[in-house]
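Report on one structure; see the data block that follows.
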Amino acid sequence: MKSVVAIITDFGLKDGFVGAMKGVVLNINPDAQIVDISHEVEPFDVFQGAFLLKAHLSYFPKGTVFLCVVDPGVGSERLPVVVEAGDYIFVGPNNGIFDFALESLKVGFKAYKIEKYTLPVISQTFHGRDVFAPVAGHLSRGLKPQEVGSPIEYTFHLKWEEPYREDQWLVGKVVYFDRFGNCITNIPCGDYKEALFRGQKLRILSHFLQAKEGEPALICNSFGLVELFFPMSNARERLLVKRGEEVRVR
Amino acid sequence: MKSVVAIITDFGLKDGFVGAMKGVVLNINPDAQIVDISHEVEPFDVFQGAFLLKAHLSYFPKGTVFLCVVDPGVGSERLPVVVEAGDYIFVGPNNGIFDFALESLKVGFKAYKIEKYTLPVISQTFHGRDVFAPVAGHLSRGLKPQEVGSPIEYTFHLKWEEPYREDQWLVGKVVYFDRFGNCITNIPCGDYKEALFRGQKLRILSHFLQAKEGEPALICNSFGLVELFFPMSNARERLLVKRGEEVRVR
Amino acid sequence: MKSVVAIITDFGLKDGFVGAMKGVVLNINPDAQIVDISHEVEPFDVFQGAFLLKAHLSYFPKGTVFLCVVDPGVGSERLPVVVEAGDYIFVGPNNGIFDFALESLKVGFKAYKIEKYTLPVISQTFHGRDVFAPVAGHLSRGLKPQEVGSPIEYTFHLKWEEPYREDQWLVGKVVYFDRFGNCITNIPCGDYKEALFRGQKLRILSHFLQAKEGEPALICNSFGLVELFFPMSNARERLLVKRGEEVRVR
């Protein structure tokens with residue numbers, strides 16, 4: 001079966017960890033279509049992984065198996081799970097990595113504890129390869145989620161904070177920086193007229209090239225969120241923006 | 001159809017933008033063979049993307065769809081195009097990214113404005129995912145270029161500067177730095193006897209290991225261009241070479 | 001044939017070198033399943049490449065063709081080889097890159113000098129594309145290793161140093177740093193009770209989360225080797241660990 005296995009990790013690309021996971025998947029399902037979403041999540045930053053999964057998942061085909069391993073608690077008691085939600089299957093640790101995706105899908109879902117289909121020997125430090133990759137391989141070739149182990153109650157760990165209202169303002173904050181240094185907020189796109197950042201007014205534009213040189217501005221980004229950018233430059237570095245900084249719109 | 005979709009972007013690998021594009025391609029053509037050429041083009045550097053496309057394209061199978069998105073003008077009036085040239089198809093913005101490739105192919109070509117086969121909702125900031133990826137997906141499974149929209153006149157934006165003659169010298173310049181810090185010039189390989197860089201003579205070698213320790217030299221690189229290197233080291237960093245610096249050969 | 005072609009290089013991802021190699025492979029075998037192990041081996045560091053190949057190879061399917069190019073001597077007299085060893089095939093320069101893998105496989109193997117199946121034109125600087133990739137492409141679709149050229153004697157270049165005994169201690173050293181800054185030693189996992197690093201006692205743990213904040217510790221890693229780590233942090237940077245530093249266990 002040609003199912004897509006889409007991978008998010010914080011493993012980076014230099015050490016071959018992701019390659020080994022793909023070797024395991026292909027050993028089980030030689031036809032798998034493997035896609036990297038990101039392996040450059042900051043080490044141990046479950047929030048970032050959860051954010052990227054939510055941002056991108058709807059662009060993947062039905063039946064995609066999302067293999068997501070940002071797992072500071074590897075080897076401890078956090079549960080290894082498979083979650084079936086609508087047309088998608090998620091495989092990884094139950095530590096929050098799937099929280100935003102499951103919330104945003106707005107469908108019922110079922111979770112199972114992984115008890116079978118792992119590699120025969122399981123290391124204490126690399127469940128991505130020994131537990132999650134083989135299970136993803138089997139799922140991508142048609143194994144049913146309920147066959148991997150007992151149903152469990154999925155535990156949510158992360159909370160997506162929505163912007164709040166204050167006077168006429170909607171008050172959000174910067175939650176993620178992309179490679180261009182754009183500062184993505186938790187404010188959903190909308191028909192805003194005014195924006196404030198560090199007490200200064202910012203223009204709200206509909207595409208990047210409308211910006212005036214040297215002047216930061218806001219735009220509705222491709223995740224459906226308001227983002228702060230600097231024309232043809234890196235807003236994060238130019239303005240030394242920190243995660244959590246406040247942005248206001250109305 | 002198993003066509004290759006080869007991708008060049010400046011999106012980097014950390015944010016999942018490329019993964020989302022691949023999800024879109026595979027949703028349309030589950031059999032596509034997707035190959036990354038580079039996603040580490042410097043942000044907004046259309047020249048670099050155009051250079052890499054030209055350097056590598058002839059190594060790809062006939063029928064390859066090149067999906068190239070270095071697109072500082074996303075959302076503005078630059079046209080989204082499909083170009084058919086010989087055995088290859090190019091998809092991306094008409095902003096110069098295909099210029100060197102089309103010039104070097106030395107075949108007739110036809111360009112079409114993308115008017116169909118995009119995603120139903122098109123963001124203002126990510127046409128790679130919403131416009132170009134779906135069109136590449138369709139083309140990779142057999143859609144004809146002329147089916148995406150009206151024929152248009154392709155507009156060239158970049159000019160590949162050839163080295164010029166001065167006295168008996170051929171005068172070129174550094175146009176690109178590779179990961180090893182080799183400094184690639186615009187001088188085509190040839191049977192040169194002498195070379196000058198910053199007024200100093202450089203040796204011209206036929207392979208890297210002929211170099212003397214601590215002594216920069218020139219070599220004919222794998223793109224068919226003369227490059228300046230430093231034995232087992234990084235010439236760009238060691239010599240603080242800048243793009244545009246002059247190199248002379250005769 | 002859907003064979004896996006798994007690639008290790010020091011080419012990085014920014015210049016498209018790896019993409020061109022994949023183009024060559026797919027031109028020959030459109031069905032190849034190509035997997036990146038790493039392209040971030042330090043430039044010219046054959047040891048690192050050899051280490052990663054050994055660490056990961058057993059997770060790849062039978063029949064996998066490993067295409068490994070860390071090749072400071074490209075264009076000089078080091079031989080281009082294909083090695084058949086058990087269920088795996090290795091393609092690359094005979095410069096040490098396969099040494100640890102062949103040693104660890106503990107099977108008989110045969111080596112052949114590459115004399116055929118290269119691209120028609122071979123550059124002096126990029127045998128990854130012109131020599132090794134086409135041969136890997138052919139092997140992945142069923143070409144027999146002995147068909148590429150004459151049998152030769154494989155030459156070993158690297159020596160894997162085992163830890164040595166001193167009094168009751170097993171004395172090893174740091175051989176590799178992973179992306180998390182974990183410091184991997186050459187000491188095989190075992191039932192050790194005590195450990196010393198820079199004269200200080202370290203705890204030996206069974207998983208990362210047992211560690212006390214701010215206190216480095218040892219663990220058995222996923223390669224079956226002892227590694228030094230720093231809880232939720234980067235041991236290499238925090239402790240300024242150097243390759244070759246001594247670690248003792250008993």
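Since the model is a prediction, treat every value here as computed from it, not as a measurement. Below, read A as the first sequence line, B as the second, and so on, with proteins coming before strands; counting in each chain starts at 1.
- Here the side chain of B:D15 pairs a donor or acceptor atom with the backbone of A:R179 at under 3.5 angstrom.
- The 12-atom threshold is exceeded at NZ of A:K2, counting heavy atoms of other residues, nucleotides or ligands nearer than 6.0 Å.
- Proximity of a side-chain donor or acceptor of A:Q33 to a complementary backbone N or O of B:P30 within less than 3.5 Å is detected.
- Shortest non-hydrogen contact noted between B:G16 and A:S38 is N-CB, 4.4 Å.
- With a 4.5 angstrom heavy-atom cutoff, B:H39 touches chain A only via backbone atoms.
- Interface remark: B:I122 contributes no atoms to any contact with chain A (heavy atom separation under 4.5 Å).
- No more than 12 heavy atoms of other residues, nucleotides or ligands lie within 6.0 Å of CD in A:E161, so this atom counts as exposed by the packing criterion.
- Within the model, atoms CG of B:D71 and CG of A:L209 stand 8.5 Å from one another, a figure rounded to the nearest 0.5 Å.
- For B:E115, the CD atom sits in a packed shell: over 12 heavy atoms of surrounding residues, nucleotides or ligands are nearer than 6.0 Å.
- Looking at A:Y176, only its side chain comes within 4.5 Å of chain B, counting heavy atoms on both sides.
- The distance from the OH atom of A:Y59 to the CZ atom of B:F126 is 8.5 Å, given to the nearest 0.5 Å.
- The heavy-atom pair separating A:S222 from B:S123 by the smallest distance is CB-OG, 3.9 Å.
- Between the CE atom in B:M21 and the NE2 atom in A:H56 there is a gap of 12.0 Å [rounded to 0.5 Å].
- Proximity to chain B is absent for every atom of A:S58, based on heavy atoms less than 4.5 angstrom apart.
- If you measure heavy-atom distances from B:E77 to chain A, you find no contacts under 4.5 Å at all.
- Contact of B:A32 with chain A is made through the backbone alone, with heavy-atom distances under 4.5 Å.
- Around NZ of B:K113, the count of heavy atoms belonging to other residues, nucleotides or ligands within 6.0 Å does not exceed 12.
- In this structure, the side chains of B:L13 and A:D36 stay at 4.5 Å or more apart for every pair of heavy atoms.
- For A:E237, the CD atom is loosely surrounded, since the number of other residues' heavy atoms within 6.0 Å does not exceed 12.
- Proximity of A:M232 to B:P72: side-chain heavy atoms (C-beta onward) are separated by under 4.5 Å at one or more points.
- Taking CG from A:D178 and NZ from B:K14, the interatomic distance works out to 6.5 Å, rounded to the nearest 0.5 Å.
- Of the two parts of A:L53, neither the backbone nor the side chain holds a non-hydrogen atom closer than 4.5 Å to a non-hydrogen atom of chain B.
- For B:D31, the parts lying near chain A are the backbone and the side chain together; criterion is any non-hydrogen pair under 4.5 Å.
- Using bins of under 30°, 30° to 60° and over 60° for the plane-to-plane angle, the ring pair A:F180/B:F17 lands in the tilted bin.
- Distance check: B:T125 OG1 to A:F229 CZ gives 10.0 Å after rounding to the nearest 0.5 Å.
- The 12-atom threshold is exceeded at CD of A:E215, counting heavy atoms of other residues, nucleotides or ligands nearer than 6.0 Å.
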